[in-house]
Novice: 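I'd like to ask some things about the structure below.
The sequence lines fix the lettering, A, B, ..., with proteins before strands; numbering per chain opens at 1. Below, each value reflects all heavy atoms present in this structure, side chains not excepted, and no hydrogens, waters or symmetry copies.
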Amino acid sequence: MKINVTLPDGSVRSYDQGATAMDVAKSISEGLARNVLSAKVNGEVRDANRPLPGDCTLALLTWNDTDGKATMWHSSAHVMAEAVEALYPGAKFGIGPAIENGFYYDIDFGDRSVGEGDFAAIEAKFKEIASKKVVFTRSEVSKADAVKYFTEKDDEYKLELIEGLKDGEITFYNQGNFTDLCRGPHIPDTSFIKAFKILNVAGAYWRGDEKRKQLTRLYAITFPKQKELDEYLVMLEEAKKRDHRKVGKELDLFTFSEKVGAGLPLWLPKGAALRERLINFMKTAQEKAGYLQVATPHIGSKQLYITSGHWEKYGKDSFQPISTPQEGEQFMLKPMNCPHHCEIFASRPRSYKDLPLRLAEFGTVYRYEQSGELHGLARVRGFTQDDAHLFCRPDQVKEEFLKVIDLVLLVLRALNFENFEAQVSLRDKEDRSKYIGSEENWVKAEQAIIDAAAECGMKTTVEYGEAAFYGPKLDFMVKDALGRRWQLGTIQVDYNLPERFELEYVGSDNQKHRPVMIHRAPFGSLERFIAVIIEHTGGRFPLWLNPEQAILLPVSDKYLDVCQKLQQQLSDLDIRTTVDDRNEKVGRKIRDAELTKIPFMLVVGEKEAADGTLSVREHGQGDLGVLTPEAFAALVRERIKVQLGTA
RNA sequence: GCCUUUGUAGCUCAGAGGUAGAGCACUUCCUUGGUAAGGAAGAGGUCCCGGGUUCAAUUCCCGGCAAAGGCUCCA
């Protein structure tokens with residue numbers, strides 16, 4: 001008997017019954033076999049050395065596959081547990097999964113407290129174990145035997161996990177002296193793990209339940225090459241240097257005040273200028289795309305949110321309503337702009353000819369976040385969205401989606417994001433009861449989103465069951481300069497609010513119809529977006545956005561007057577500059593300007609003063625030579641054009 | 001919200017049961033210097049806030065508040 005294995009490229013190969021993924025890899029090439037960590041068989045990730053179940057599709061997973069990485073990290077967690085058990089006999093183990101960057105294991109060390117000082121010993125033990133090329137072995141165990149094993153080991157956490165499993169579906173994995181309850185899969189042996197580092201230690205409740213015992217969570221990561229670990233550590237350090245909270249302080253962009261309140265950012269002049277520039281950029285782009293600006297108040301009657309349904313769903317987790325002293329009316333700080341915009345739509349009869357109606361507002365909204373969740377600008381309690389709501393006919397959804405995608409791409413390009421993809425969130429395939437809106441509209445909208453994403457040629461992943469209850473959505477995921485993933489802009493279709501607000505338009509058939517609403521925010525929140533661009537650029541903002549494009553550096557204060565005149569001249573040419581009028585040497589002024597990441601330094605001394613020129617130095621680049629103010633302005637304009645894609 | 005850690009000059013941080021220090025920044029003076037730190041002097045503190053213990057608390061204890069790292073949540 002032979003089995004047919006279909007590979008990702010569509011080719012079909014024939015193997016003996018009982019062949020493993022590893023056998024397939026070896027038949028292709030030895031080199032490939034050396035790199036195979038696990039395999040995806042009929043869509044399920046399995047051990048590479050487990051016999052294939054019969055005819056199947058097979059994808060061999062290596063370090064280059066997300067699932068391959070996850071397999072290795074999960075196996076690494078087992079090895080770390082073995083090392084911990086060897087060093088701390090009696091330690092009990094919770095769960096140890098792979099995560100986006102590495103893995104963790106939750107461990108109960110009993111009365112001992114384990115901290116950073118203990119990392120070195122664990123790392124040494126880990127390396128000792130991994131270097132032995134220990135094989136991972138899978139075994140199926142009966143529930144009774146599994147319970148027996150962990151009862152003897154006195155590990156109540158594993159016992160609790162076993163309780164939730166069905167007899168006949170329980171597997172153990174063993175490597176060396178360590179056996180763990182585990183679904184798998186695992187890498188063939190430990191020789192794939194060449195570098196290991198414990199990154200962090202933190203407390204974590206057993207099963208995420210604050211009423212239960214707090215375990216010690218060890219975060220760690222492994223790599224198949226030492227060099228990759230070194231690079232990762234450099235990247236982490238770089239990320240720390242780029243932390244927007246640190247850079248924001250260094251560049252005087254924003255601050256927080258205890259008196260004002262946690263999670264309420266205060267924008268300093270330079271940061272406010274940055275915000276303003278982003279807003280203007282977006283406004284201009286939106287005007288060209290047919291949006292209409294509106295403005296609505298920061299509060300709205302509680303009734304508004306009862307109508308929208310937000311009161312019922314989020315009311316108790318919101319800032320509580322404020323009341324008027326005489327009449328006892330209740331108002332909420334607005335947590336979103338859409339209910340206000342719905343009322344603008346409803347303010348007069350609408351014809352199908354008016355659609356799509358695109359209402360935009362840089363609306364500041366307030367949402368209660370738990371105090372422990374606040375994080376710099378990335379997670380705040382008051383923030384401004386570049387919000388807009390598109391009211392359209394069902395047949396216009398796709399076209400509007402395409403236009404919004406164009407807008408988002410314009411933004412991403414202007415900010416030097418080169419790596420991005422779209423995530424489309426659709427309904428759960430099985431359970432459709434939790435969604436509102438007609439089947440017909442959902443099908444239409446879901447198809448429209450898929451088509452739109454495909455038409456603009458973006459890399460797209462589709463997630464089922466991730467749609468909001470009121471409609472499908474598309475999120476943009478970007479990778480920043482350090483390879484970290486962020487979710488930025490979002491586009492959501494909404495059938496719910498038009499229903500709740502009873503929005504209508506008159507169609508060509510002279511009948512009333514319900515419009516479809518699209519929520520979209522390319523930046524998402526300005527605060528969060530600025531946090532991302534700070535970390536993406538490390539504070540070296542694109543020239544068009546930088547509050548300070550150039551700084552004039554007089555060689556001595558004899559040339560201060562000349563510099564002030566040049567500043568005016570450059571300002572007339574739309575170049576934003578300041579003058580470093582401190583009593584310091586040029587070397588010092590250059591150093592400080594470099595440190596504050598100003599794109600251009602303009603040195604003015606005797607020669608330049610006489611000729612009316614500038615000696616131009618670029619941040620991080622060095623001397624560019626002497627230019628006239630006009631030539632410099634032209635250079636800056638040219639750079640900006642290229643960045644904004646308007647060249 | 002919960003757990004752990006932290007809170008000292010504008011910033012980064014040291015410090016001890018007896019009223020506080022460094023570097024950078026700031027002010028003044030000297031210096032007028034050509035592509036990554038010129039020199040000198042000076043000013044600057046409710047040691048997060050409120051209680052308690054003590055002859056004496058910024059230091060020890062308790063309670064708040066804020067921040068960091070987690071856990072849970074996110075229209």
Side-chain angles (χ1 to χ4, degrees), chain A residues 94 104 106 113 115-116 199-219 240 243 245-246 249-250 252 255-264 305 308-318 332 334-339 365-376 378-381 385 387 468-471 473 487 490 492 494 496-497 519 521 525 528 553-560 582-596 601-609 615-626:
Chain A
Y104 67 80
D106 285 344
S113 106
E116 283 179 31
L199 300 170
N200 217 342
V201 56
Y205 297 107
W206 171 236
R207 309 214 118 175
D209 184 345
E210 67 194 47
K211 290 183 193 70
R212 309 197 61 179
K213 185 155 186 186
Q214 189 161 39
L215 308 180
T216 303
R217 176 170 294 181
L218 291 178
Y219 285 94
K240 229 186 238 172
D243 188 313
R245 294 164 299 182
K246 183 174 145 75
K249 193 180 267 182
E250 284 165 2
D252 287 324
T255 187
F256 288 90
S257 150
E258 281 186 33
K259 281 207 189 84
V260 172
L264 301 171
Y305 300 99
S308 73
H310 293 108
W311 171 254
E312 195 193 340
K313 203 163 160 57
Y314 298 102
K316 48 182 186 312
D317 296 316
S318 299
M332 310 260 314
K334 75 173 169 187
M336 49 191 359
N337 305 299
C338 31
V365 298
Y366 301 88
R367 295 182 184 174
Y368 168 73
E369 299 284 356
Q370 298 187 84
S371 59
E373 276 312 304
L374 302 172
H375 179 89
R379 198 65 176 274
V380 290
R381 284 175 169 171
Q385 295 178 308
D387 210 359
F469 73 92
Y470 51 80
K473 62 177 179 174
Q487 190 214 305
T490 172
Q492 305 187 355
D494 186 349
N496 183 40
L497 285 181
H519 307 249
S525 121
R528 188 181 145 80
L553 309 180
V555 169
S556 83
D557 51 18
K558 274 190 265 177
Y559 311 106
L560 261 177
R582 294 175 305 165
N583 181 4
E584 290 293 347
K585 299 200 193 186
V586 242
R588 181 51 184 273
K589 292 178 182 176
I590 285 170
R591 179 184 150 81
D592 290 345
E594 287 281 354
L595 289 177
T596 48
M601 285 145 274
L602 309 172
V603 178
V604 177
E606 191 180 351
K607 243 184 352 255
E608 293 80 6
S615 177
V616 182
R617 178 188 164 104
E618 186 172 4
H619 172 79
Q621 302 295 315
D623 206 340
L624 298 187
V626 177

Novice: Find the partner of B:U35: check Watson-Crick (N1-N3 plus N6-O4 or O6-N4) and G-U wobble (N1-O2, O6-N3) distances, both under 3.5 Å, and reply none if neither fits.
Specialist: none
Novice: Measure from the side-chain heavy atoms of A:P335 and tell me the nearest of B:U35, B:A75, B:G69.
Specialist: B:A75
Novice: For nucleotides 27-34 of chain B, which of its nitrogen or oxygen atoms have a protein nitrogen or oxygen under 3.5 Å away, and what is each distance?
Specialist:
unit_1: B:C30; atom_1: N4; unit_2: A:N583; atom_2: ND2; d: 3.3
unit_1: B:U31; atom_1: N3; unit_2: A:N583; atom_2: OD1; d: 3.4
unit_1: B:U31; atom_1: N3; unit_2: A:N583; atom_2: ND2; d: 3.2
unit_1: B:U31; atom_1: O4; unit_2: A:N583; atom_2: ND2; d: 2.3
unit_1: B:U32; atom_1: O2; unit_2: A:S556; atom_2: OG; d: 3.1
unit_1: B:U32; atom_1: O2; unit_2: A:D557; atom_2: N; d: 3.2
unit_1: B:U32; atom_1: O2; unit_2: A:D557; atom_2: OD1; d: 2.9
unit_1: B:U32; atom_1: N3; unit_2: A:D557; atom_2: OD1; d: 2.5
unit_1: B:U32; atom_1: N3; unit_2: A:D557; atom_2: OD2; d: 3.0
unit_1: B:U32; atom_1: O4; unit_2: A:D557; atom_2: OD2; d: 3.0
unit_1: B:G33; atom_1: N7; unit_2: A:V555; atom_2: O; d: 2.5
unit_1: B:G33; atom_1: O6; unit_2: A:D557; atom_2: N; d: 3.2
unit_1: B:G33; atom_1: N1; unit_2: A:N583; atom_2: OD1; d: 3.3
unit_1: B:G34; atom_1: O6; unit_2: A:E606; atom_2: N; d: 2.6
unit_1: B:G34; atom_1: O6; unit_2: A:K607; atom_2: N; d: 3.2
unit_1: B:G34; atom_1: N1; unit_2: A:E608; atom_2: OE1; d: 2.8
unit_1: B:G34; atom_1: N1; unit_2: A:E608; atom_2: OE2; d: 3.3
unit_1: B:G34; atom_1: N2; unit_2: A:E608; atom_2: OE2; d: 2.6

Novice: I want to verify a distance call: between B:A37, B:A75, B:U35, whose nearest atom is closest to the A:R588 side chain?
Specialist: B:A37
Novice: Classify A:L553 by what it touches in the nucleic acid, base, sugar-phosphate, or nothing, heavy-atom distance under 4.0 Å.
Specialist: nothing
Novice: If you check the A:A262 side chain, which of B:G1, B:A67, B:A75 turns out closest?
Specialist: B:A67
Novice: So, is A:R379 close to the B:A67 phosphate, meaning a side-chain N or O under 4.0 Å from OP1 or OP2?
Specialist: no
Novice: Partner lookup for B:G44, please. Criteria are Watson-Crick or G-U wobble with both distances under 3.5 angstrom; report none if nothing qualifies.
Specialist: none
Novice: Nearest-nucleotide wise, let me know which of A:H310 and A:R381 is further upstream toward the 5' end of RNA chain B.
Specialist: A:R381
Novice: The side chain of A:H375 lies closest to which of these nucleotides: B:G69, B:A75, B:C71?
Specialist: B:G69
Novice: At 4.0 Å (heavy atoms only), tell me whether A:S318 reaches a base, stays on the sugar-phosphate, or touches nothing.
Specialist: base
Novice: Extract from the structure each pairing of a protein N or O with an N or O of nucleotides 6-12 of chain B at less than 3.5 Å, listing the distance.
Specialist:
unit_1: B:U12; atom_1: OP1; unit_2: A:K249; atom_2: NZ; d: 3.4

Novice: Below 4.0 angstrom from OP1 or OP2 of B:C71, is there any side-chain N or O of A:R217?
Specialist: yes
Novice: State the CD-CZ distance between A:Q385 and A:R528, to the nearest 0.5 angstrom.
Specialist: 12.5 Å
Novice: Regarding A:Y219, tell me which of base, sugar-phosphate or nothing describes its non-hydrogen contacts under 4.0 Å with the strands shown.
Specialist: sugar-phosphate
Novice: With both distances under 3.5 angstrom, what nucleotide forms a Watson-Crick or G-U wobble pair with B:G69?
Specialist: B:C3
Novice: Among A:M336, A:R381, A:R379, which one satisfies side-chain contact (heavy atoms from CB on, under 4.5 Å) with A:R367?
Specialist: A:M336
Novice: Is A:R617 touching bases, backbone alone, or none of the nucleic acid, heavy atoms closer than 4.0 Å?
Specialist: base
Novice: With sequence neighbours excluded, what pairs up with A:Y559 under the ring pair (Phe, Tyr, Trp, His ring centres under 6.0 Å) test?
Specialist: none
Novice: Between atom OH in A:Y368 and atom P in B:C74, what is the gap in whole Å?
Specialist: 14 Å
Novice: Who does B:G23 pair with, Watson-Crick or G-U, both distances under 3.5 Å?
Specialist: B:C11
Novice: Heavy atoms from C-beta onward define the side chain here; which of B:A36, B:A75, B:G1 lies closest to that of A:R591?
Specialist: B:A36
Novice: Compare all side-chain heavy atoms of A:M601 with those of A:K589 and state whether any distance is below 4.5 angstrom.
Specialist: no
Novice: Let me know, please, whether A:Y314 or A:G372 comes out on the 5' side of the other along RNA chain B by nearest nucleotide.
Specialist: A:G372
